[in-house]
Amino acid sequence: MAHKAGFVNIIGNPNVGKSTLMNAFVGEKLSIITSKAQTTRHRILGIVNGDDFQVILSDTPGIIKPAYELQTSMMDFVKSAFEDADVLLYMVEIGEKALKDDAFFKKIQNSKIPVLLLLNKIDTSDQEILEAQMQHWQDLLPKAEIHPISALENFNVKEVFNRILELLPEAPPYYPKDQLTDKPERFFVNETIREKILLHYKKEIPYSVEVETEEFLEDDDIIRIRSVIMVERDTQKGIIIGHKGSALKRVGVEARKDLEKFFDKQVHIELYVKVNKNWRSNSQQLRRFGYNG
Ligand SMILES: Nc1nc2c(ncn2[C@@H]2O[C@H](COP(=O)(O)OP(=O)(O)OP(=O)(O)O)[C@@H](O)[C@H]2O)c(=O)[nH]1
Ligand SMILES: [Mg+2]
């Protein structure tokens, strides 16, 4: 059989389950997942390899109207995902009526490449609602193929994957067959720490945080990590650290546990908190953190 390969890019509103689906396809926790919107800030590749295929999935940030420069960079990642896709996976969740950006929606409507509309979270729905939702999306996107799924419960995920394989063009692999992602180890450290911050802090705090790993030293039996948690303002620093350092300690303990699983090795983490004033609106800082800025 001829070899198939291509880019399969997942786009959609915030919080609909894009990262959950990408991890389900890849079988690894490449993308962090939380119940808060705008968890994902980057375009993250997850590569699924077989003898005669290579599916290069892209997880992307949820589509929003940008309010500050970081969010503009996030939307640039989404734009790039429109440009190189061989198959577009447009994910919506049960109950959702429209994409948060009309221009992006028009791009989906006018797409020349195949669009699979994935109606996610059907575990939270019943048959009647599901049918009404399918009709709603079929009317809006007559050319799209609709697949009801539950990324969380792995329902219909394999069927969608098989359909993707059918749609992929014949092509040689783009990446080495043992490669799982385009991101370096430090990226996953940063993301894991940021996930704990999204989980444990309220309101604006998680959105004001960026994590930078300054040291990643791997020995035979242990990885030693030193990371900086950057906040925008002095008051946020105290909140991150918490009473006698307890809040920060919890972030470190939970991140370490996850990273030990991810790297399959003992991990030691040191965390610091620094104020980096208004980094979200500073193009130079954004570039440094891997946003196009
Ligand atoms: N019930 C249910 N919950 C789901 C399903 N898929 C994802 N979720 C939950 O929805 C929330 C958001 O999931 P994510 O995968 O982070 O969503 P996302 O689209 O990547 O979100 P952003 O990165 O913020 O755009 C999490 O709490 C998930 O556990 C599903 O099939 N069913
Ligand atoms: Mg995500």
Side-chain angles (χ1 to χ4, degrees), residues 8-46 57-67 70-82 88-96 98-101 104-105 108 116-126 129-130 133-134 146-161 181-183 187-188 190-201 203-211 258 280 290-291:
V8 178
N9 302 341
I10 314 172
I11 50 160
N13 275 336
N15 213 38
V16 295
K18 299 178 296 299
S19 300
T20 306
L21 178 69
M22 164 133 122
N23 290 349
F25 278 142
V26 180
E28 291 276 343
K29 193 179 165 189
L30 289 184
S31 284
I32 58 170
I33 294 168
T34 79
S35 59
K36 291 202 171 96
Q38 298 175 53
T39 294
T40 305
R41 286 179 181 170
H42 295 263
R43 178 174 175 180
I44 304 164
L45 301 195
L57 296 147
S58 284
D59 184 17
T60 64
I63 290 174
I64 44 167
K65 292 267 186 209
L70 166 65
Q71 293 182 329
T72 306
S73 307
M74 286 160 59
M75 293 309 103
D76 286 342
F77 288 130
V78 179
K79 278 184 200 144
S80 79
F82 273 95
L88 263 187
L89 302 184
Y90 172 36
M91 182 178 271
V92 300
E93 65 180 351
I94 288 285
E96 178 193 324
L99 196 62
K100 292 199 194 308
D101 182 309
F104 277 127
F105 191 68
I108 299 171
L116 304 189
L117 184 133
L118 307 182
L119 179 51
N120 191 30
K121 308 197 185 180
I122 62 163
D123 55 288
T124 64
S125 179
D126 63 31
I129 295 174
L130 179 60
Q133 293 270 299
M134 288 183 65
I146 302 189
H147 295 264
I149 66 166
S150 169
L152 188 67
E153 298 189 347
N154 229 322
F155 175 79
N156 242 350
V157 169
K158 192 153 192 295
E159 287 74 5
V160 170
F161 191 78
T181 181
D182 61 327
K183 293 278 181 278
F187 175 80
F188 296 102
N190 299 344
E191 288 289 272
T192 303
I193 295 165
R194 207 165 56 77
E195 181 186 72
K196 303 312 166 199
I197 291 167
L198 276 151
L199 289 172
H200 296 309
Y201 298 87
K203 295 181 184 156
E204 213 28 39
I205 296 278
Y207 300 101
S208 308
V209 161
E210 181 61 56
V211 181
D258 281 14
R280 297 192 306 190
Y291 305 98

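Remember, it's 1-based here, ligands and their atoms both numbered in the order they're listed. Since the structure is predicted, the reported quantities are computational estimates derived from the model, not experimental observations. Keep in mind that the numbers below use all heavy atoms, side chains included, and drop hydrogens, waters and symmetry copies.
For atom 17 (O) of ligand 1, the closest heavy atom belonging to the protein is Gly17 N, 3.1 Å. Scanning all protein heavy atoms for the shortest distance to atom 6 (N) of ligand 1 gives Asn120 ND2, 3.2 Å. In terms of protein heavy-atom proximity, atom 7 (C) of ligand 1 is nearest to Thr20 OG1, 3.4 Å. Counting protein heavy atoms only, atom 4 (C) of ligand 1 is closest to Lys121 CE, 3.7 Å. What sits closest to atom 30 (C) of ligand 1 on the protein, heavy atoms only, is Leu152 CB, 3.3 Å. The protein heavy-atom contact nearest to atom 25 (O) of ligand 1 is Lys18 NZ, 2.8 Å. Taking atom 27 (O) of ligand 1 as the reference point, the nearest protein heavy-atom neighbour is Ser35 CA, 3.6 Å. Protein heavy atom in closest approach to atom 32 (N) of ligand 1: Asp123 OD1, 2.7 Å.
Polar contact with ligand 1: absent for Asp59 (N/O pair, distance under 3.5 Å).
Of the heavy atoms in Thr34, only backbone atoms (N, CA, C, O) come closer than 4.0 Å to ligand 1. Of all the heavy atoms of Thr39, the ones lying under 4.0 Å from any atom of ligand 1 are found in both the backbone and the side chain. No part of Glu153 comes within 4.0 Å of ligand 1, judged by heavy-atom distances. At a 4.0 Å heavy-atom cut-off, ligand 1 touches Asn15 through backbone and side chain alike.
From Met22, atom CE reaches atom OG1 of Thr181 across 6.0 Å, with rounding to the nearest 0.5 Å.
The shortest distance between side-chain heavy atoms of Phe82 and Ile11 falls below 4.5 Å. With contacts defined as side-chain heavy-atom distances shorter than 4.5 Å, the pair Thr60/Thr40 does not qualify. No side-chain heavy atom of Thr72 sits less than 4.5 Å from a side-chain heavy atom of Met75. The closest side-chain heavy-atom distance from Pro14 to Ile64 is below 4.5 Å.
Proximity annotation for atom 23 (O) of ligand 1: of Leu21, Ile63, Thr40, Thr40 comes nearest, heavy atoms only.
Relative ring orientation between His42 and Phe77 is described as tilted, the plane-to-plane angle lying within the 30° to 60° band. Between Phe25 and Phe161, the ring-plane angle classifies as tilted under the 30° and 60° cut-offs.
When all heavy atoms of Asn120 and Ser150 are compared, the pair lying nearest together is OD1-CA, 3.5 Å. Closest of all the heavy-atom pairs between Lys100 and Asn13 is N-OD1, 2.9 Å. Residues Asn23 and Ser31 come closest through the heavy atom pair ND2-O, 2.8 Å.
Geometry note: the Mg ion (ligand 2) is the vertex, Ser19 OG and Thr40 OG1 are the arms, and the angle is 90° (rounded to 10 degrees).
Residues Gln133 and Glu96 bring no donor and acceptor atom of their side chains to less than 3.5 Å of each other.
The distance from ligand 1 to the heavy atoms of Lys36 drops below 4.0 Å at these ligand atoms: 24 (O). For ligand 1 and Thr124, the ligand atoms under 4.0 Å from any heavy atom of the residue are 1 (N). Distances below 4.0 Å separate heavy atoms of Ile33 from the following atoms of ligand 1: 13 (O), 14 (P), 15 (O), 16 (O), 26 (C), 28 (C). Atoms of ligand 1 lying under 4.0 Å from any heavy atom of Gly62, numbered from 1 in the order shown and given with element: 25 (O). Near Pro14, meaning under 4.0 Å from one of its heavy atoms, ligand 1 places the atoms 25 (O). Below 4.0 Å from some heavy atom of Gln38 lie the following atoms of ligand 1, by number and element: 24 (O). Under a 4.0 Å criterion applied to the non-hydrogen atoms of Ala37, ligand 1 contributes the atoms 24 (O).
Ion pair Glu195/Lys36 not flagged as a salt bridge, since none of the NZ, NE, NH1 or NH2 atoms sits closer than 4.0 Å to an Asp/Glu carboxylate oxygen.
Heavy atoms from other residues, nucleotides or ligands lying under 6.0 Å from NZ of Lys29 number more than 12.
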What verdict does the side-chain contact (heavy atoms from CB on, under 4.5 Å) test give for Ile33 and Thr39, after you've listed the backbone C-alpha separation in whole Å, the side-chain angles of each residue and the deciding distance to 0.1 Å?
CA-CA 7 Å; Ile33 294 168; Thr39 294; 5.8 Å; no
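Within the 2.8 Å limit, Thr20 places no N, O or S atom next to the Mg ion (ligand 2).
Residue Met22 places no heavy atom under 4.0 Å from ligand 1.
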